[in-house]
Enquirer: 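This is the structure I want to talk about, given as structure tokens.
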Amino acid sequence: MEQVRVRFAPSPTGPLHIGGVRTALYNYLFAKKSGGTFILRIEDTDQTRFVEGAEEYIMESLEWCGIIVDEGIKEGGPFGPYRQSDRKAIYREYADILINKGAAYYSFDTTEHLESLRKEAEKTGNTFIYNASNRNELSNSLSLAENEWKIKLEKGEPYVIRYKMPKNEEIHFEDIIRGHIVVNSSTLDDKVLFKSDGMPTYHLANIVDDHLMKISHVIRGEEWLPSLPLHILLYRSFGWDPPLFSHLPLLLKPDGKGKLSKRDGDKMGFPVFPLFWPFGETAKGYREEGYYPDAFVNMIALLGWNPGTEQEIFSMKELIDAFTIDRVGKSGSRFDPEKAKWFNHQYLQKKSNNQLAIEFREFLRTYGHHVDIVNLEVLVGMVKERVSFVRDIWDQTDFFFKAPEMYDQEVIKKRWTPDSAALLMELKAELEKADSFSAVDLEPAIKSWIEEKGYNMGVIMNAFRLVVVGALRGPHMFDIISWIGREETLKRIDKGVSHINK
RNA sequence: GGUCCAUUCGUCUAGUGGUUAGGACGUCAGGUUUUCAUCCUGUUAACAGGGGUUCGAUUCCCCUAUGGACUACCA
């Protein structure tokens, strides 16, 4: 079998959508599974849509995901350059080959003229198609006499090069995911291959580059499926063997209709991009939201692909081993932000307390708290299972760092009894004279004291939690007070009692 | 409008010409927990509709419906 070579070929028109990341990932997994090569090619043939910073964003996104580029604009490689704007001269050459073969022609129609024809057709409920049915009535090197169009060329009149779509021909082709597809060429138009600005369109550049770069498999989004017949024909006209094609289903909105867009993310509070996009209209990123890259990759991988087993957690290596293109689904997948969180939760659980403490310490610094790592490890250990993100640790532990300012009114109403204050003062006395303030020693001591006195455990402990935490939440009471220490605990009892009794 | 693609629980999906249609997320309920959360257990819920083919169709074929993509000198 020939060497597997795949490419991810985004346009630098803005931040890379997670759908694009998934396309890149599937290409990467497919390549690595067979020891093949993953190529990053930048398709920037539309100068008007170029966005500063997008190219770097794409590369950084792949890097964050752990998708390693073998050949690309940064890495180099034997088939470069890997940026289409740097390959400009190549495309003209191949456009000329097509013209010489009679498979393409010059077209002089203005955009305005074609636009008006299109509008006219629309009025009568028809679709204007520039192809064999009408190309003789339009201005091109097929309809015009040879001397006429040659003069136009010499005079430097603007022109485009169009593909000469065959008339009424059944075009058969295969897609690995979708199987056999047939299209009649009469429904297709004479696509522009080469623009008047001297740049190729996607169709030409893509076919030429895929051939020159010896791409064996094209794995791309479903939006390209309608132009696949054109691409097949182009290969045929050049006399080249086409690669194998796979068209990936789209990522859909979590609810409602249509494909996943940035607006959905904004509306429902989840990112649609891997990284924060800092230019112009900014956009949230998974990295900045606190997702781990391996969790993100895992989540993305299972959106439209599954291994056929019940395994859901996959490292990149496991994904590579398990991935096959024929197990990619045919229908679009709705994106589920809840499940995305679940994946991160799973990955966070696997981190050591030390690792999480280091990450949380970074977070705490923004709040001006400096705590040594050993104490943070203990703290993190208390709340680890209940969080999905490192920043959630703060929501679970804020009261460790500051005494409550407010006390939950509902709880006071329900759980604060007339003798709560007195009981807490007794408890305070017990805590004051306790030999050790570690949870393991303190818990049995206090519990047996409560029992001896015949007090109600719930009444005391709930009141205790209320004055220490401010609400009925948080880890084990004795773990909390052991962490904040005797002095702070006693202070919180006093403060709470006087505040609530007011 | 035209062309092409798709359609299993709310969501991601497994699956087979004969299954109690399986798992995960979510939901709900119970258990654990002195609280909350976690966790555990259980529950919930699906083959878009209609025709065929067949002894039998969720599975194969056709039609309809719905959804999607494309329909630019954008990719």
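Here is how names work: the chains are called A, B, and so on, in the same order as the sequence lines, proteins then strands, and each is numbered from 1. As the structure is a prediction and not an experimental result, all values here were calculated from the model.
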Enquirer: Ion pair present between E122(A) and K119(A), side-chain N to carboxylate O less than 4.0 angstrom?
Expert: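 Judged by the 4.0 Å cut-off on N to carboxylate O distance, E122(A) and K119(A) do not form a salt bridge.
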
Enquirer: Just to be sure I understand the rule, does K341(A) reach a base, reach only the sugar-phosphate, or reach nothing, if contact means heavy atoms closer than 4.0 Å?
Expert: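 Since no nucleic acid heavy atom lies under 4.0 Å of K341(A), the category is nothing.
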
Enquirer: Tell me, for nucleotides 40-50 of chain B in 5' to 3' order, what letter each nucleotide earns: B for a base near a protein heavy atom under 4.0 Å, S for only sugar-phosphate near one, - for neither?
Expert: -----------

Enquirer: Can you check the D398(A) CG to rA37(B) P distance for me, whole Å?
Expert: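 Distance, rounded to whole Å: 16 Å.
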
Enquirer: Can you sort out which residues in residues 440-455 of chain A have a heavy atom within less than 4.0 Å of RNA chain B? Ascending by number, please.
Expert: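 Residues of residues 440-455 of chain A under 4.0 Å from RNA chain B: none.
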
Enquirer: Sequence neighbours left out, what passes side chain to side chain contact (heavy atoms under 4.5 Å, CB included) with M268(A)? Give chain and number order.
Expert: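 Per chain and number, M268(A) pairs via side chain to side chain contact (heavy atoms under 4.5 Å, CB included) with P254(A), D255(A), F270(A).
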
Enquirer: One character per nucleotide, please: for nucleotides 22-27 of chain B, 5' to 3', B when the base has a protein heavy atom closer than 4.0 Å, S when only the sugar-phosphate does, - otherwise.
Expert: SSBS--

Enquirer: Would you give the length of the straight line joining atom CD of E310(A) to atom CG of N306(A), rounded to the nearest 0.5 angstrom?
Expert: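 Reported value, rounded in 0.5 Å steps: 10.5 Å.
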
Enquirer: Can you sort out which residues in residues 39-53 of chain A have a heavy atom within less than 4.0 Å of RNA chain B? Ascending by number, please.
Expert: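 Those residues are E43(A), T45(A), D46(A), R49(A).
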
Enquirer: I need the residues from residues 106-118 of chain A with at least one non-hydrogen atom less than 4.0 Å from RNA chain B; give them sorted by number, or say none.
Expert: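 The answer is D109(A), T111(A), R118(A).
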
Enquirer: Would you please confirm or rule out a distance under 4.0 Å between OP1 or OP2 of rA72(B) and any side-chain N or O of K191(A)?
Expert: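 Answer is no, no contact under 4.0 Å.
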
Enquirer: Suppose you measure atom P in rA14(B) against the same atom in rU8(B); what distance do you get, rounded to whole Å?
Expert: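 Looking at atom P only, rA14(B) and rU8(B) are 10 Å apart.
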
Enquirer: Provide the full list of side-chain hydrogen bond (donor to acceptor under 3.5 Å, both in side chains) pairs with a residue in residues 218-230 of chain A, sequence neighbours left out, each pair given once.
Expert: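 Residue pairs with at least one partner in residues 218-230 of chain A: Y202(A)-R220(A), R220(A)-H231(A), R220(A)-H247(A).
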
Enquirer: Write down the protein N/O and nucleotide N/O pairs, taken from nucleotides 2-7 of chain B, whose separation is under 3.5 Å; answer none if there are no such pairs.
Expert:
{"residue": "rC5(B)", "atom": "O2'", "partner": "R178(A)", "partner atom": "NH1", "Å": "2.4"}

Enquirer: Kindly write out the residues that satisfy side chain to side chain donor-acceptor pair (under 3.5 Å) with E281(A), not counting sequence neighbours, or none if the list is empty.
Expert: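 So E281(A) forms a side chain to side chain donor-acceptor pair (under 3.5 Å) with K262(A).
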
Enquirer: Identify the pairs formed between an N or O of the protein and an N or O of nucleotides 58-60 of chain B at a distance under 3.5 Å, and give each distance.
Expert:
none

Enquirer: To the side chain of R473(A), which of rA14(B), rC39(B), rU35(B) is closest?
Expert: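 The closest nucleotide is rU35(B).
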
Enquirer: Under the salt bridge (charged side-chain N to carboxylate O under 4.0 Å, His left out) definition, can you give me all pairs with a residue in residues 40-54 of chain A, not counting sequence neighbours?
Expert: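 Checked against salt bridge (charged side-chain N to carboxylate O under 4.0 Å, His left out) - neighbours excluded - the pairs reaching residues 40-54 of chain A are R41(A)-E43(A), R41(A)-D209(A), R41(A)-D210(A), D46(A)-R49(A).
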
Enquirer: Going by the side-chain hydrogen bond (donor to acceptor under 3.5 Å, both in side chains) test, which pairs reach into residues 473-484 of chain A, not counting sequence neighbours?
Expert: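 Listed once each, the pairs are D398(A)-R473(A), E443(A)-H476(A).
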
Enquirer: Given atom CG of L260(A) and atom C1' of rC12(B), what is their separation to the nearest angstrom?
Expert: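 Going from L260(A) (CG) to rC12(B) (C1'), I get 14 Å.
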
